[in-house]
Visitor: 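Below are the structure tokens for one structure; questions will follow.
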Amino acid sequence: MALTENKSMLSWIDEMTELMKPSEIVWIDGSEEQLEQLRKQACQSGELIKLNEEKLPGCYLHRTKPNDVARVEARTFICANSKEEAGPTNNWMEPSEAYKMLYDIARGRYAGRTMYIIPYSMGPIGSEFSKVGIELTDSIYVVLNMAIMTRMGKAVLDAFGNESNDWVRGLHATCDIDEEKRYICQFPQDNTIISVNSAYGGNVLLGKKCFALRIASYQGWKEGWMAEHMLILGLENPQGEIKYVCAAFPSACGKTNLAMLIPPEVYKSKGYKVWCVGDDISWLRIGPDGRLWAINPENGFFGVAPGTNAKSNPNALASTRKNTIFTNVAQNLDDNTVWWEGLDKNPPVNAVEWKGAHVNGPEFTAQGNKLAHPNSRFTAPAKNCPCVSSEFDSTTGVPISAIVFGGRRAKTAPLVYQSRDWNHGVFVGSTMASETTAAATGAVGVVRRDPMAMIPFCGYNMAYYWQHWIDMGEKLGDKAPKIFHVNWFRTDDEGNFVWPGFGDNLRVLDWIIKRCEGKVGAKETAIGYVPEVDDINLDGLDFTKEDLAGVLNVDTDLWKAEIPGIKEFYAKFGDKLPEKLQAELDTLEAKLAE
Ligand code: GTP
Ligand code: SPV
Ligand code: MN
């Protein structure tokens, strides 16, 4: 029986039922009984493997097809009404052509299968920030992941009611997981997403990148708010005051790690704490007090497994110890637990690698093979996180003091710098560059422009998106958050990371908050304000002031060499480029020439 009487929902579901020809239809009501029954079914079919109930209660392992392990940017399309509205950084397809192509691929593909209808909310149910979606899928894995990553089920529909048509339509069909027919298409003007021939996270958990970033960024543009690829953390000082920070880093560049950071001993002993509100996506609105407020629209973490360990990110590791789904990690057959590169130095001897082959872990890895896929992930409930913020479910969100951009740059970008003002900060975000990672298919380690960490996720022309940022800054006026840029990834001549990173990034956050409070000075450089060497606390760290001076150094020649790349990138946007950004570029060039 349908769980809603909303006509726009029912008529779209009817239309899709007609198209997809499911043998069975199941509404996901969000109850634990229903989810448990689906887990059992998935274990019977082999889609999930139940892990050790004592060591990892409620946890499961899933392996995707080896050709389906990451987002596919080349096959992701923004099907806006015109190519110009999608902009030069997005793939574009004309909407009616796209629908025809996708419906031809998907037609009848639920035959012999069950169509699961997942009603879900991005954001706490009942919050003004929140938006509702319905995802249709033939994958139990998708249902169970969505149950962790979103608020879902009947409660969402009850709160949404029968009148509104303002909800996002999402159709996912597994089909044959054929790479050649894989498409991830967003139709911003229709509030619609269609994803075919994949069963991997970011391509099929439609509430996440497809809705909460691509569709929502477009909605935010039209409605006066912002959807960003940003973590949200609260930094509590010894007086118990909490300041909130949003940070945008590209995929697999450290959001989850920063969001759950454990302060180094010198800070911890004084009473500093970090609270996690979100690790991947922020929705931001100007509040009644004129400040910028943020919610995390998600309800769980779809985090990178490799590199997560008791030292680098104990809070993330703790989050994965119960009720978690692991995707493409290795299985330890001796105790039926999981393993990935960087968990510890002891790969399991009796192991199943991520593709499903039984191997001797130490021998296999010694030959240079990876037991877990570099983009293997955990799907864990946010509530599992030991440092989850008390504001996690807040319907009003948290007020943001600082926005931090960052990426992987071996050279060029210093450890941290502050923009001169909001528009300069927008310029800094718009010219961000970072080395590519395993989060998307394609080459890894290639420097590319990734403005605001949104290049794969902006649902419309990025030039308009930048103008929207500038407009938001104008509305915020002197209540606008201060904007910073960080780089944890500077390397020495041997290619080793210089800055210790992880928990020690708090030392940089501390400077950022002090700058927001006007409590510390800075050195003005051509690119913005850089800390004085004495103003970053290095207590208890094996890192000298000379080392610090090295990572804070702004190399004018390297920055001059950046300019042609920025110009070339900006040129793609032609006359759509906001004048204010061109002016910022001119200013940077002039300052570098001084
Ligand atoms: P998405 O979920 O793909 O959006 O990624 P994310 O930005 O949340 O990345 P995550 O925090 O999972 O980090 C990805 C990789 O960066 C892991 O391999 C981490 O070990 C590494 N990393 C994170 N923070 C630091 C840091 O401060 N220093 C260094 N050297 N590596 C880091
Ligand atoms: C990312 O790639 O930025 C992720 C993982 O957060 S995915 O959901 O696959 O996009
Ligand atoms: Mn992400």
Side-chain angles (χ1 to χ4, degrees), residues 64 68-73 76 142 145-146 149 184 195 198-214 228-233 247-261 276 278-282 296 298 300-309 311-313 315-317 319-320 327-328 340-343 372-380 404-410 415-416 434-442 444 450 453-457 486-491 495-509 551:
T64 65
D68 188 31
V69 294
R71 286 182 293 99
V72 282
E73 295 180 5
T76 299
V142 168
N145 273 272
M146 289 291 282
M149 295 306 294
I184 320 299
S195 166
S198 174
Y200 166 77
N203 298 329
V204 298
L205 308 180
L206 301 185
K208 195 172 175 58
K209 297 301 160 73
C210 304
F211 177 173
L213 288 177
R214 297 195 190 100
E228 299 295 336
H229 194 199
M230 290 176 176
L231 67 90
I232 312 167
L233 67 80
F249 309 155
S251 303
C253 288
K255 290 183 300 301
T256 304
N257 278 271
L258 191 67
M260 300 178 190
L261 168 162
C276 175
D279 81 325
D280 198 46
I281 300 177
S282 300
N296 167 15
E298 301 190 282
F301 309 120
F302 186 60
V304 177
T308 306
N309 60 53
K311 205 164 160 262
S312 66
N313 194 345
N315 284 326
L317 193 62
S319 305
T320 69
T327 302
N328 293 339
W340 49 77
E341 274 65 26
L343 175 65
H373 187 274
N375 191 39
S376 54
R377 301 239 168 197
F378 53 81
T379 318
V404 182
F405 295 123
R408 284 180 188 261
R409 290 307 290 275
L415 179 64
V416 59
S434 191
E435 292 163 21
T436 51
T437 66
T441 54
V444 167
D450 190 352
M454 282 289 278
I455 205 86
F457 309 120
V486 299
N487 178 21
W488 316 137
F489 299 94
R490 278 247 216 165
T491 54
N496 305 306
F497 295 122
V498 182
W499 175 248
F502 300 99
D504 289 308
N505 292 332
L506 185 75
R507 300 167 190 275
V508 174
L509 286 179
V551 290

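Atoms within each ligand, like the ligands themselves, are counted from 1 in listed order. Count residues from 1 along the sequence.
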Visitor: Quick check with a 6.0 Å cut-off and a 45 degree axis cone: is Lys255 positioned over the face of Phe249's six-membered ring?
Guide: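 No, Lys255 does not lie over the aromatic ring of Phe249.
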Visitor: Write the atom name of the N, O or S atom in Asp280 that is nearest the Mn ion (ligand 3).
Guide: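 Answer by atom name: OD1.
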Visitor: Closer than 3.5 angstrom, by distance alone: can the side chain of Asp279 be matched with the main-chain N or O of Ala259 as a donor-acceptor pair?
Guide: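 Not at all, since once roles are kept as given, no pair shorter than 3.5 Å links the two residues.
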Visitor: Indicate, as side chain, backbone, both or neither, the part of Leu258 found under 4.0 angstrom from ligand 1 when only non-hydrogen atoms are considered.
Guide: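 Answer for Leu258: neither.
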Visitor: Can you list the atoms of ligand 2 that are under 4.0 Å from a heavy atom of Ala439?
Guide: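 So the atoms of ligand 2 that pass are 2 (O).
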Visitor: Would you kindly specify which portion of Trp499 sits under 4.0 Å from ligand 1, judged on non-hydrogen atoms: side chain, backbone, both or neither?
Guide: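 For Trp499, no heavy atom sits under 4.0 Å from ligand 1.
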Visitor: Does ligand 1 have a heavy atom under 4.0 Å from the side chain of Arg71, from its backbone, from both, or from neither?
Guide: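 Near ligand 1, Arg71 shows nothing, with every heavy atom at 4.0 Å or more.
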Visitor: Can you tell me if Arg490 has a non-hydrogen atom under 4.0 Å from ligand 1?
Guide: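 For ligand 1, residue contact (heavy atoms, under 4.0 Å) with Arg490 is absent.
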Visitor: Hey, which atoms in ligand 2 end up nearer than 4.0 Å to a heavy atom of Ser251?
Guide: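 Those qualifying, in numeric order: 1 (C), 2 (O), 3 (O).
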Visitor: Could you tell me, atom by atom, which parts of ligand 1 come under 4.0 Å of a heavy atom of Arg377?
Guide: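 Taking each heavy atom of Arg377 in turn, ligand 1 has 1 (P), 2 (O), 3 (O) under 4.0 Å.
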Visitor: What's the shortest distance from atom 19 (C) of ligand 1 to any protein heavy atom, and which residue and atom give it?
Guide: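 Minimum-distance protein heavy atom for atom 19 (C) of ligand 1 reads Asn257 ND2, 3.8 Å.
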Visitor: Nearest 0.5 Å, please: how far is CG in Asp280 from CZ in Phe302?
Guide: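 Spacing of CZ (Phe302) from CG (Asp280) equals 10.0 Å.
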Visitor: Of all the N, O or S atoms in His229, which has the shortest distance to the Mn ion (ligand 3)?
Guide: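 For His229, the N, O or S atom at the smallest distance from the Mn ion (ligand 3) is NE2.
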Visitor: Kindly determine whether Asn145 and Thr379 satisfy side chain to side chain donor-acceptor pair (under 3.5 Å), including the steps that lead there.
Guide: CA-CA 7 Å; Asn145 273 272; Thr379 318; 2.6 Å; yes
Visitor: State whether the shortest distance between N or O atoms of Gly202 and N or O atoms of ligand 2 falls below 3.5 angstrom.
Guide: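 Yes; at least one N/O pair falls below 3.5 Å.
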Visitor: Which atoms of ligand 2 are found less than 4.0 Å from any heavy atom of Lys208?
Guide: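 Per the distance check, 6 (O), 8 (O).
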Visitor: Out of Ser251, Ala252, Gly342, Gly406, who gets a non-hydrogen atom closest to atom 14 (C) of ligand 1?
Guide: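 Among Ser251, Ala252, Gly342, Gly406, the closest heavy atom to atom 14 (C) of ligand 1 belongs to Ala252.
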Visitor: Mind checking whether the Mn ion (ligand 3) has an N, O or S of Lys209 under 2.8 Å?
Guide: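 So Lys209 counts as coordinating the Mn ion (ligand 3), yes.
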Visitor: Flag the pair Val72 / Ser198 as yes when at least one side-chain heavy-atom distance between them is below 4.5 Å, and no otherwise.
Guide: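 SC-SC contact between Val72 and Ser198 ruled out.
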Visitor: Taking only heavy atoms of Lys255, which atoms of ligand 1 are found under 4.0 Å from at least one of them?
Guide: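 The atoms of ligand 1 under 4.0 Å from a heavy atom of Lys255 are 1 (P), 4 (O), 5 (O), 6 (P), 7 (O), 8 (O), 9 (O), 11 (O).
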Visitor: Is Pro250 close enough to touch ligand 1? Criterion: a residue heavy atom under 4.0 Å from a ligand atom.
Guide: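 Pro250 counts as a contact of ligand 1 under the 4.0 Å cut-off.
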Visitor: If the cut-off is 4.0 Å to any non-hydrogen atom of Asp280, which atoms of ligand 2 fall inside it?
Guide: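 The atoms of ligand 2 under 4.0 Å from a heavy atom of Asp280 are 6 (O).
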Visitor: So, does Arg377 use its side chain to make a donor-acceptor pair with the main chain of Phe301 at under 3.5 Å?
Guide: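 Such a contact is absent between Arg377 side chain and Phe301 backbone.
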Visitor: Heavy-atom distances under 4.0 Å are what count here, so tell me which part of Arg408 touches ligand 1: side chain, backbone, both or neither.
Guide: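 The answer is the side chain.
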Visitor: Using a strict 4.0 Å cut-off to heavy atoms of Cys253, name the atoms of ligand 1 that fall inside it.
Guide: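 Close to Cys253: 6 (P), 7 (O), 9 (O).
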Visitor: Using modelled atom types and a 3.5 Å cut-off, is there a donor and acceptor pairing between side-chain atoms of His373 and backbone atoms of Asn328?
Guide: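 Here the side-chain-to-backbone pair does not exist.
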Visitor: Relative to the heavy atoms of His229, which atoms of ligand 1 are at a distance of less than 4.0 Å?
Guide: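 Atoms satisfying the 4.0 Å criterion: 4 (O).
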Visitor: Has Lys255 got any heavy atom lying under 4.0 angstrom from an atom of ligand 2?
Guide: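 Checking ligand 2 against Lys255, which is what was asked, there is no heavy-atom contact under 4.0 Å.
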Visitor: Using a 4.0 Å heavy-atom threshold (strictly under), name the region of Phe457 that reaches ligand 2: side chain, backbone, both or neither.
Guide: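 Side chain only.
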Visitor: For ligand 2, which atoms sit closer than 4.0 Å to a heavy atom of Tyr200?
Guide: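 Heavy-atom distances to Tyr200 below 4.0 Å select 9 (O).
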Visitor: Check the pair Arg71, Thr76 against side-chain contact (heavy atoms from CB on, under 4.5 Å), reporting the backbone distance first and the verdict last.
Guide: CA-CA 9 Å; Arg71 286 182 293 99; Thr76 299; 5.9 Å; no
Visitor: Tell me: protein heavy atom nearest atom 9 (O) of ligand 1, and distance?
Guide: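 Of the protein heavy atoms, Gly254 N, 3.0 Å lies nearest.
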Visitor: Applying ring-ring contact (aromatic ring centres under 6.0 Å, His included) between Phe497 and each of Phe489, Phe502, Trp488, report the one that passes.
Guide: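 Only one of Phe489, Phe502, Trp488 forms a ring-ring contact (aromatic ring centres under 6.0 Å, His included) with Phe497, namely Phe489.
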Visitor: What are the atoms of ligand 1, with element, lying closer than 4.0 Å to any heavy atom of Asn505?
Guide: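 Here the atoms of ligand 1 in question are 27 (O).
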Visitor: Show me which atoms of ligand 1 lie under 4.0 Å from any heavy atom of Val304.
Guide: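 Listed by number with element: 12 (O).
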Visitor: Is ligand 1 less than 4.0 angstrom away from at least one heavy atom of Pro306?
Guide: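 Pro306: in contact with ligand 1 (<4.0 Å).
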Visitor: Tell me the protein heavy atom at minimum distance from atom 32 (C) of ligand 1, and give that distance in Å.
Guide: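 Of the protein heavy atoms, Phe502 CZ, 3.3 Å lies nearest.
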Visitor: Within a distance under 4.0 Å of any heavy atom of Phe497, pick out the atoms of ligand 1 and give their elements.
Guide: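 What qualifies from ligand 1 is 30 (N).
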Visitor: Checking side-chain contact (heavy atoms from CB on, under 4.5 Å) for the pair Asn315/Cys276: CA distance, chi angles, key distance, verdict?
Guide: CA-CA 10 Å; Asn315 284 326; Cys276 175; over 6 Å; no
Visitor: Compute whether any side-chain donor of one residue and acceptor of the other, for Asn487 and Trp499, lie under 3.5 angstrom apart.
Guide: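 Side chains of Asn487 and Trp499: no pair found under 3.5 Å.
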Visitor: With atoms numbered from 1 as shown, which atoms in ligand 2 lie under 4.0 angstrom from a non-hydrogen atom of His229?
Guide: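 It comes down to these atoms of ligand 2: 3 (O).
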